[in-house]
Protein chains: 2
Amino acid sequence: MPKTTLLIADDHQVVIAGIRSLLASKTDIEIVGEAANGAEAVELSRELKPDIVIMDISMPEMDGVEATGRIREVSPETKIIIYTMHSDQRFILELFKAGISGHVLKEGPPADLCAAVDAVRVGKTCFTTIDPAALLLKLTPERPGREALFEQLSPRELEVFKLLADGLSVKEAAARLHISPKTVETHKYNLMEKLDVGTIPDLTKLAIRHGLISV
Amino acid sequence: MPKTTLLIADDHQVVIAGIRSLLASKTDIEIVGEAANGAEAVELSRELKPDIVIMDISMPEMDGVEATGRIREVSPETKIIIYTMHSDQRFILELFKAGISGHVLKEGPPADLCAAVDAVRVGKTCFTTIDPAALLLKLTPERPGREALFEQLSPRELEVFKLLADGLSVKEAAARLHISPKTVETHKYNLMEKLDVGTIPDLTKLAIRHGLISV
DNA sequence: ATCCGCTGTGGGGAAATTCCCCATGCCCGC
DNA sequence: GCGGGCATGGGGAATTTCCCCACAGCGGAT
């Protein structure tokens, strides 16, 4: 069996070095290239057609999400493993759609990356953080058991949640509830923390998924 | 670390024996039970609360799909790996919803099962045949009939529209498109004018209604 | 009885974002 | 060649956000 060829794309040299040392023990893997940004990764993928690309998400020039899409165009056989930090979780769906084969967290044990490479090499997928089932559930609307998510919210928070998700500004929501905008802000801050969402649109989508507001 | 406890459910003794021999080399795994049908598997799971259940789909009494759902009720911590034949692919979606952690084909290399057990044991998932991305795509069909509203938008505006509606900040969208945040702001201002919406959530809902982004 | 934790109410203040205007270069149609 | 949409950005005031804090009421633990 010929060696598995690998391309590493990360804008931090130290990470590339780390990956190299992680994979050093694997003699049947050859690292054929390094890229410091997404654009380079795409270009090198076009030239080298590596079996696997290990890629970060946040990179200058072109981020990993877009690079993933382009690499799949220029080298469809190439499998892509996203190796990134927890905060990038929000791109997961897009990455799924773009067709990644694996997703590994940098803060996890280094062996995770090896495992992912091994899995992808033989045509499987490997996702360390993501429960594909959970992700699928999010996408299938009629799901029951939605209350689970909202019983963590207090009644007032739920109220604020609905208003904000529906498009009211903090100020408008405050007027509607006859309380200070600062109070609404506090509720907003807390509920977004509880629901683990970072943006208003995410809030909106969550509310829609759970039937709290209509599309 | 305590041993990982395992339950095997298959209506063919020979398969159980095969699995046992496959896993024999793993000293940190203990097979705590065997079930010959789904009902038994559920009952044993309730009693034994195994870490992992390896289960066939086609079984008498109760099939693997229903058994999966019940096991998740009686022993939520138990991870379930489906070990089955190719023809059972059609149950995949349902199994996903029920919350399986792995899916391995019997006709594949035996090592696949070991790999899946290893993966599941450390909290990951393992799917040998299924491309989660493809599955996700199936569930997010492109809806037609959107052009009407959006032909008023220029291509670039549409791009910005999708990103913003999906939850990216102006700055993030700018990074994604490799342009200045100010430019994105301009696009945002113009497209919101064109679409006659005043808030980001309205943008999000509009995008969802027209299938530009998924909920 | 007391203490803890949650909830609802608000404030402070720096930082970031928004909003609206403007400017430039470009290409395309007329 | 000239008007007009398009894509690209800047300026700057105004607003909002973000994340800390405070305090009062209240219900459940110990």
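- In terms of the side-chain contact (heavy atoms from CB on, under 4.5 Å) criterion, residue partners of A/N37 (sequence neighbours excluded) are, by chain and number, A/A39, A/E40, A/P60, A/E61.
- Residues of residues 178-187 of chain B that place a heavy atom closer than 4.0 Å to DNA chain C, in numerical order, are B/K182, B/E185.
- Partners of A/R70 under the side-chain contact (heavy atoms from CB on, under 4.5 Å) rule, at least two apart in sequence or in another chain, are A/V42, A/M62, A/E66.
- Taking the 5' to 3' direction, DNA chain D first and last meets chain A under 4.0 angstrom from a heavy atom at D/dT16 to D/dC20.
- Here C/dT9 presents its P atom at 12 Å from CG of A/N190, a figure rounded to the nearest Å.
- Here the C1' atom of nucleotide C/dT18 and the NZ atom of B/K171 are 13 Å apart, to the nearest Å.
- No side-chain heavy atom of B/Y83 sits less than 4.5 Å from a side-chain heavy atom of B/D56.
- Between B/L164 atom CG and C/dC19 atom C1' there is a gap of 15 Å when expressed in whole angstrom units.
- Rounded to 10 degrees, the angle between the two end axes of the helix from C/dA1-D/dT30 to C/dC30-D/dG1 is 30°, with five pairs used at each end.
- Applying the side chain to side chain donor-acceptor pair (under 3.5 Å) test to B/K182 and every residue at least two apart in sequence or in another chain returns nothing.
- Not counting sequence neighbours, the partners of A/E43 by the side chain to side chain donor-acceptor pair (under 3.5 Å) test are A/R46.
- Residues meeting the side chain to side chain donor-acceptor pair (under 3.5 Å) test with A/E185, sequence neighbours left out: none.
- Spacing between atom OH of B/Y189 and atom C1' of C/dT17 amounts to 16 Å, rounded to whole angstrom units.
- Residue pairs meeting the salt bridge (Lys or Arg N to Asp or Glu O under 4.0 Å) criterion with at least one partner in residues 168-177 of chain A, sequence neighbours excluded, do not occur; the list is empty.
- Rounding to whole angstrom units, NZ of residue A/K188 and C1' of C/dG8 are separated by 18 Å.
- A 4.5 Å side-chain heavy-atom check between B/L6 and B/P50 finds every atom pair outside the cut-off.
- Remark: B/E159 engages no residue in a salt bridge (Lys or Arg N to Asp or Glu O under 4.0 Å) (not counting sequence neighbours).
- In this structure, the CZ atom of B/R156 is 15 Å from the C1' atom of C/dC26, given to the nearest Å.
- Residues meeting the salt bridge (Lys or Arg N to Asp or Glu O under 4.0 Å) test with A/K26, sequence neighbours left out: A/D118.
- By the side-chain contact (heavy atoms from CB on, under 4.5 Å) test, B/T186 pairs with B/N190, sequence neighbours left out.
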